[in-house]
Amino acid sequence: MLPEVIMTLIYEKLGDRVDDYLIPPPVFTSMQGEFLEVDLDEGILLTRFPVRREYLNPYGAVQGGMVAAAVDNTLGPLSMLVASPNVTRTLEMKYSRPVTPDLEFIIVKAKLKAREGQFLHFRAQVRDMEGKLLARAKATHWVIDERG
């Protein structure tokens, strides 16, 4: 039910411009992302992504870029829900623990922290299913279309 609600909100936000965008993005679909929770009043979106063998690095942990991709795939939909079309300007990752194959999923919680003109500031946390912190992120997005 939640994925349909989120997709409906994004479609409503984009209006007649929806055909200008790939919704849902193919990368979200190929990473098998799932929406778990959304709170637009607080500017929060929760997603989960499976830990897949093809994401492993030579050390047997998920490559950091794939963890960053999960974060970006959470920030992107949240950014479309809270603002006009925008793009990632910066994404800074800080890793605390490796994401290992014994973890079935990772959970990404993204939050809009501030809006300053055309800039959106986000924070995100990546946790395992038990709530252990695996990584944190800061991101700045740039609003490219003020019509929304």
Can you name the nearest heavy-atom pair linking Met93 to Ala137, along with the distance? SD-CB, 3.5 Å
Between Tyr21 and Ile10, does the side chain to side chain contact (heavy atoms under 4.5 Å, CB included) criterion hold? Intermediate values first, please. CA-CA 11 Å; Tyr21 302 93; Ile10 290 173; over 6 Å; no
Between the main-chain N or O of Ala68 and the side-chain N or O of Asp72, is there a donor-acceptor pair closer than 3.5 Å? no
So, do Leu120 and Thr140 sit near enough that their side-chain heavy atoms are less than 4.5 Å apart? no
Proximity of Phe28 and Phe35 rings by center, below 6.0 Å: yes
Please answer: with hydrophobic residues joined when any side-chain heavy atoms are less than 4.5 Å apart, are Leu133 and Val51 in the same cluster? no
Under a single-linkage definition using a 4.5 Å side-chain heavy-atom cutoff for Ile, Leu, Val, Met, Phe, Trp and Tyr, are Met7 and Leu46 assigned to the same hydrophobic cluster? no
Rounding to 0.5 Å, atoms NZ (Lys138) and CG (Leu75) come to a distance of 13.5 Å
Do any pairs count as a salt bridge (Lys or Arg N to Asp or Glu O under 4.0 Å) and have a residue in residues 24-34, sequence neighbours left out, and if so which ones? Glu34-Arg48
Applying a strict under-4.5 Å side-chain criterion to I, L, V, M, F, W and Y, I'd like to know whether Val5 and Met80 cluster together. yes
Any donor-acceptor pair under 3.5 Å linking the side chain of Lys111 with the backbone of Leu45? no
Grab the two heavy atoms, one from Ala70 and one from Met31, that are nearest each other, plus how far apart they are. N-CE, 3.8 Å
Output the distance between atom NZ (Lys94) and atom CZ (Arg136), rounded to the nearest 0.5 Å. 4.5 Å
Of all the heavy-atom pairs spanning Arg127 and Gln125, show the shortest one and how long it is. NH2-OE1, 3.0 Å
Examine distances only and state if a side-chain atom of Gln118 and a backbone atom of Val143 form a donor-acceptor pair shorter than 3.5 Å. yes
Write down the atom of Asn73, the atom of Pro77, and the distance for their closest heavy-atom approach. O-CD, 3.0 Å
Exceeds 12 heavy-atom contacts within 6.0 angstrom, atom CZ of Arg89: no
Go through the steps for Tyr95 and Leu134 under the test side chain to side chain contact (heavy atoms under 4.5 Å, CB included), then give the verdict. CA-CA 6 Å; Tyr95 301 93; Leu134 304 170; over 6 Å; no
Sorted by chain and number, sequence neighbours left out, side chain to side chain donor-acceptor pair (under 3.5 Å) with Asn86 holds for Ser79, His141
Any side-chain heavy-atom pair from Thr88 and Trp142 closer than 4.5 angstrom? no
How far apart are the closest heavy atoms of Asp39 and Glu42, and which atoms are they? OD1-N, 3.0 Å
Run the numbers on Ile44 and Val38 for side chain to side chain contact (heavy atoms under 4.5 Å, CB included), then give the verdict. CA-CA 6 Å; Ile44 295 172; Val38 64; over 6 Å; no
N/O donor-acceptor pair under 3.5 Å between Asn57 side chain and Gly60 backbone: yes
Hey, what do you get for CE (Met66) to CG (Leu56), rounding to the nearest 0.5 Å? 10.5 Å
Take Glu116 and His121, measure what side chain to side chain contact (heavy atoms under 4.5 Å, CB included) needs, and give me the verdict at the end. CA-CA 8 Å; Glu116 297 171 343; His121 301 281; 3.0 Å; yes
Under 3.5 Å, which donor-acceptor pairs do the side chains of residues 99-108 form with other protein atoms, sequence neighbours left out?
residue	atom	partner	partner atom	Å
Thr100	OG1	Asp102	OD1	2.2

Would you kindly confirm whether Leu40 and Ile23 end up in one hydrophobic cluster when ILVMFWY residues are joined by side chain heavy atoms under 4.5 Å apart? yes
Show the nearest heavy-atom pair for residues Pro85 and Arg17, with the distance to one decimal. CD-NH1, 3.7 Å
So if you build clusters from Ile, Leu, Val, Met, Phe, Trp, Tyr with side-chain heavy-atom gaps below 4.5 Å, do Ile6 and Leu36 land together? no
